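Values in this document were obtained by computation on a predicted structure and should not be read as measured data. Chain identifiers are assigned alphabetically (A, B, ...) following the order of the sequence lines, protein sequences preceding nucleic acid strands; residue numbering begins at 1 within each chain.
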Protein chains: 2
Amino acid sequence: MRAVDIIIKKRNGLSLSREEIHFIIDGYVKGEIPDYQVSALLMAICFQGLNKDEQVDLTMEMLNSGEKIDLSSIKGICVDKHSTGGVGDKTTLVIAPIIAACGLKIAKMSGRGLGHTGGTLDKLESIPGFKIAISPKDFFKQVEEIGIAVVGQTANITPADKKLYALRDVTGTIDSVGLIAGSIMSKKLASGAHSILLDVKVGDGAFMTTIEDARVLARAMVDIGNSCGRKTVAMLTDMDQPLGEAVGNSLEVIEVIETLKGNGPQDFTKLCFEICTEMLLMTDFAKTKEEALFMINKVLKNGSAMEKLRQMIIYQGGNPKVIEDYQLFAQAKRVVDIRSDKTGYIKKIHTHRIGDAAMILGAGRKTKDDIIDPSVGIKVLGKIGDFVNAGEIIAKVYSNDREEESAINITKEAFEIINEVVQKNKIVLDIVQ
Amino acid sequence: MRAVDIIIKKRNGLSLSREEIHFIIDGYVKGEIPDYQVSALLMAICFQGLNKDEQVDLTMEMLNSGEKIDLSSIKGICVDKHSTGGVGDKTTLVIAPIIAACGLKIAKMSGRGLGHTGGTLDKLESIPGFKIAISPKDFFKQVEEIGIAVVGQTANITPADKKLYALRDVTGTIDSVGLIAGSIMSKKLASGAHSILLDVKVGDGAFMTTIEDARVLARAMVDIGNSCGRKTVAMLTDMDQPLGEAVGNSLEVIEVIETLKGNGPQDFTKLCFEICTEMLLMTDFAKTKEEALFMINKVLKNGSAMEKLRQMIIYQGGNPKVIEDYQLFAQAKRVVDIRSDKTGYIKKIHTHRIGDAAMILGAGRKTKDDIIDPSVGIKVLGKIGDFVNAGEIIAKVYSNDREEESAINITKEAFEIINEVVQKNKIVLDIVQ
């Protein structure tokens, strides 16, 4: 077998066999196949795509290139949830306590990544004392005892994906459904959960900007998951405006706590309910939507969902008093109100620009060495379809001086306000299973 | 400027600016841009193509990466001729003496390359004593004095093309019109001729198997040549059967001599006449086709064309007696007749298989370290449209034992014979200027 023949085969639009995909990935990880052949193949894949079998084979090759987490010793059903990422997406921190309170187990290992705000791990680290570096033994013990843990990756999972991703990043080959699906799903499969809920974000603040593209990615990931014996469901959800109000690490954790108290923003609360419902249905914990909603409402009302969050904070060394006293979070020096110039309806929010504004304030990482400032960020108070008067506050910028002026301008310009009535956005656009 | 942005631009189907092409080629030659980014860009070019401006800019970048031959000190019009390569293509060795005898100057520097038989240089080296390594001073002197020289490249021309070609070879990115056109034309422009005749072969034994593809390549090369101030014309010519009869180095030189004596195979003779006519017309040495044919016939009949070949052999150290005594060429040990199984008309000759047969006998190089055996090869006596009786000789295999059995079988199986009358092939399919 020669790498060049495999490249030409894909270039000509033919499908690669399992053996050919193994030859490439295994050879690449071992350093036997050079970067320049793999990058040419990746570009050919960007144009010709991967069929279902190829996607599964690629995913399995990446999965088998590293360690796998074996959750079989944990009693009960272990679930995982993954979001393709968006602005203000703190969903995991609400749904994990709710479904743990309902009796599912959530044993989640997260990466950090780059982005507008930190990942779930960074958000958790805004809780004073919270540790994300937990030994495998303590991790398993925590999941057994309280049914919930969100920790950093310690195992060397999917090294092939890491090497491929680094190459894709510098060769213009990030943006390919088959490669994205394989990358995400190899990590999800390696994390060991029995059921996987994928939240595929769609819109201006997401990686996928159209529903069509998002549906294709969702289909690919669901097919891979199900082909590999894991129950997998994808929800396509709106990212044409920031999710909820808070964008920024401690701001988002406060919003999570408020949501578990029943005071969360409407759109964000609705999304969390929908995701929890789907997770209870896919694991047969609930038979109907009504039954699922009843369970969710019960664990929120009786405080058991909040109790799960509190237990997780305690198990992972954090100060649980943050739940009652938000002053225990790091505070931004200044809060600047952003007011509407016009009277009218909010037509559009340039969501990725809001993300950019949060990042330059210090809420996210541009390069992996950047240090996150947990206190800064943006609160988006006006949402699409809202009527606002000129001079009304539509957002707040939480700043520690860094890039404050730019962040204020970007945030202000992110809102488009018109005279005509505007429909509110639907939050769940489709479900793929 | 970042290489990854240029890759993504081309991936998205946008045109690259002159500055971007310079950034890539210059950076690549200097080792500042790595192979893996260039191979990804090359693959994107294979899918998205290069427009006319990009092709010219790429060609000029490759041209300017190395030395250029300055033929301006030579009096008269210097012409060059390039073939995209085929089986039995010894055309240069007939047309160079004819047009030199007509008064044009042909100062040709050739590479060796891989292929079914050797290149023009290897064919010339089958003449005992013939030297292709000539100093630049002697090369210029020879062209001045006798108007004809065919020598090996000594100057470091188009190093960017050499580096890119080596990468394309192992990344499945050879086959792209823009890249092929740039590669060929950068070398032609560096060789300094004022007028360039391109012989683009089409068919089973050629790189371009369809007339449509060949026309696109021809158009690209002619546009580049003319944009760079060189008169350039391309002829699309048939390669659905071997050209002439001889395939193999000394066999081909003997056929060249026979053709200059007026005894060449009909198809090959016709092609040589057509190319010479076009070269005389494009340089204004003849005003009409009739005038050109008159000149060509004259220099053949009066022996002045043969005299040019003889002078070149003498100037380059070869034994000119080969013109009269073919026994002076290295002789194959055995000549095996290939006879037709059937009575009927020759419908098809699998030309690249004939090339393969010649190569395994030792007539060509598979890898650049292979040594060519000048004596071996194949004579193709039956051509498309010929009627043959069962048992009639349709080919001869000249062998020194190496792979004789395989070569015989391949040659035999290369002929398809049917009962219905078959039209003979046209030799010149189109002219692009």
Next on the checklist: Pairing donors with acceptors under 3.5 angstrom, does anything connect the side chains of B:Ser186 and B:Asp161?
Outcome noted: no
Checklist entry - Looking at B:Ile8, B:Ile6, B:Asn12, B:Asp35, which makes the most heavy-atom pairs under 4.5 Å with chain A? => result B:Asp35
Checklist entry - For residues B:Lys201 and B:Thr237, is any side-chain donor paired with an opposing acceptor at under 3.5 Å? => result yes
Checklist entry - If you look at every heavy atom in A:Gln55 and A:Gly178, which pair is closest and at what distance? => result NE2-CA, 3.6 Å
Next on the checklist: Do the side chains of A:Arg18 and A:Asp53 get close enough for a salt bridge, i.e. N-O under 4.0 angstrom?
Outcome noted: no
Checklist entry - Is it the side chain or the backbone of A:Leu167 that comes within 4.5 Å of chain B heavy atoms, both, or neither? => result side chain
Item to check | Interface residue of largest heavy-atom contact number with chain B, from A:Ala44, A:Ala3, A:Pro34, under 4.5 Å | outcome: A:Ala44
Item to check | Largest heavy-atom contact set with chain B, pairs under 4.5 Å, which of A:Lys10, A:Gln37, A:Lys9 | outcome: A:Gln37
Next on the checklist: Does any backbone or side-chain atom of A:Asp169 lie under 4.5 Å from a heavy atom of chain B? Answer side chain, backbone, both or neither.
Outcome noted: backbone
Next on the checklist: For B:Arg11 versus A:Thr173, what's the shortest heavy-atom pair and its separation?
Outcome noted: NH1-CA, 3.9 Å
